[in-house]
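Have a look at the structure below, then the notes.
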Amino acid sequence: MAKVQIKVNDNGSLRITGDVELLDGEGKPFVTKQTFSLCRCGLSNNKPFCDGSHKGRFQSVVRAPSPETDEQ
C-alpha cells in the first residue's frame, strides 16, 4: 500500500495525495479524487475542501523541525 501524502501549503490548504477515504463527523464519506485540498483557514464556501478563498486573507507558513544530529 502506498503512503498518503499531506502537504501543508504556505498560506493555504492541506494538499492530500493518495488513496484516502475522507469521512464527515457521522462517518459518511465525501467524494474525493486521488488528489484534493482541504481548507485550513475556515474561509472556504465548500468546506471541508479548499476553494481558494484564503488568497490574500490567510497567512500561515509551517515548517517541520530539522532532524537533530546525534552528538556522541
Side-chain angles (χ1 to χ4, degrees):
M1 183 163 91
K3 277 188 178 182
V4 171
Q5 183 180 60
I6 302 172
K7 180 181 179 193
V8 182
N9 288 323
D10 291 350
N11 305 319
S13 64
L14 297 171
R15 188 76 169 163
I16 315 298
T17 303
D19 187 19
V20 62
E21 185 175 30
L22 179 64
L23 306 175
D24 71 9
E26 296 177 343
K28 295 185 283 185
F30 286 96
V31 175
T32 62
K33 297 179 181 179
Q34 190 71 15
T35 299
F36 59 95
S37 294
L38 294 176
C39 175
R40 69 180 180 112
C41 71
L43 299 171
S44 176
N45 292 313
N46 190 30
K47 291 180 193 85
F49 303 102
C50 176
D51 68 0
S53 294
H54 62 271
K55 288 187 170 60
R57 304 189 313 167
F58 176 73
Q59 292 185 354
S60 177
V61 176
V62 179
R63 296 290 182 262
S66 298
E68 294 183 37
T69 57
D70 290 331
E71 295 181 22
Q72 295 181 12

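FYI, side chains are in, hydrogens and waters are out, and symmetry mates aren't considered; it's all heavy atoms of this structure.
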Side chain proximity check, [X] to [Y], heavy atoms < 4.5 angstrom:
X: Phe30; Y: Phe36; result: no
X: Arg40; Y: Val8; result: yes
X: Ser13; Y: Leu38; result: no

### Query
Between the side chain of Lys47 and the main-chain N/O of Ser44, is any donor-acceptor distance below 3.5 Å?
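Flag set: sc Lys47 to bb Ser44 pair under 3.5 Å.
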
### Message
Nearest 0.5 Å, please: how far is CG in Asp10 from NZ in Lys7?
### Response
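Rounded to the nearest 0.5 Å, the NZ-CG separation comes to 7.5 Å.
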
Donor-acceptor contacts under 3.5 Å from residues 14-22 side chains, at least two apart:
{"unit_1": "Arg15", "atom_1": "NH1", "unit_2": "Ser37", "atom_2": "OG", "d": "2.8"}

### Closest contact, heavy atoms only, Ser60 versus Val62
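Looks like OG-CG2, 3.7 Å.
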
### Message
Testing the basics here: between His54 and Cys41, what is the closest heavy-atom pair and its distance to 0.1 Å?
### Response
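The pair with the smallest heavy-atom distance is CB-SG, 3.6 Å.
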
